[in-house]
*Asks:* 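Got a structure here, written out as structure tokens. Questions coming.
Quick caveat, the model's predicted, so the values are computed rather than measured. The chain is numbered in sequence order, starting from 1.
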Amino acid sequence: MGRQPAASLTTLEVDPVYELFPVGQRILGILTYGETALTGERAYADEELLKIMFAPLGDEMELIGGA
């Protein structure tokens with residue numbers, strides 16, 4: 001079974017939001033739903049893992065909540 005990014009993208013709303021929360025657990029992902037499609041995802045993970053996963057976007061990320 002191969003990757004099908006185009007099929008995955010059709011499950012998202014036009015402007016999905018990805019919220020990342022640094023916590024002590026390894027990782028917990030929660031998909032958020034809208035009226036007709038996914039609106040994004042919340043990822044709870046330790047700060048080091050979030051940096052590894054999203055390093056290319058690091059400068060564009062906005063901190064919400066926390067310190």
*Asks:* If I compare all heavy atoms of G29 with all of E41, which pair ends up nearest, and what's the gap?
*Replies:*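 Scanning both residues, the minimum pair turns out to be CA-OE2, 3.8 Å.
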*Asks:* Please tell me if the side chains of Y33 and L38 come closer than 4.5 Å, counting only heavy atoms from C-beta onward.
*Replies:*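 The answer is yes; the side chains approach within 4.5 Å.
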*Asks:* Do you know the tightest heavy-atom contact between I30 and Y44?
*Replies:*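 Shortest heavy-atom contact: CD1-CE1, 3.8 Å.
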*Asks:* Does the side chain of T32 come within less than 4.5 Å of R42's, by heavy atoms?
*Replies:*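 Yes, close enough: below the 4.5 Å cut-off.
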*Asks:* At their closest point, which heavy atom of E13 faces which heavy atom of E35, and how far apart are they?
*Replies:*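 Heavy atoms of E13 and E35 come nearest at OE2-N, 3.4 Å.
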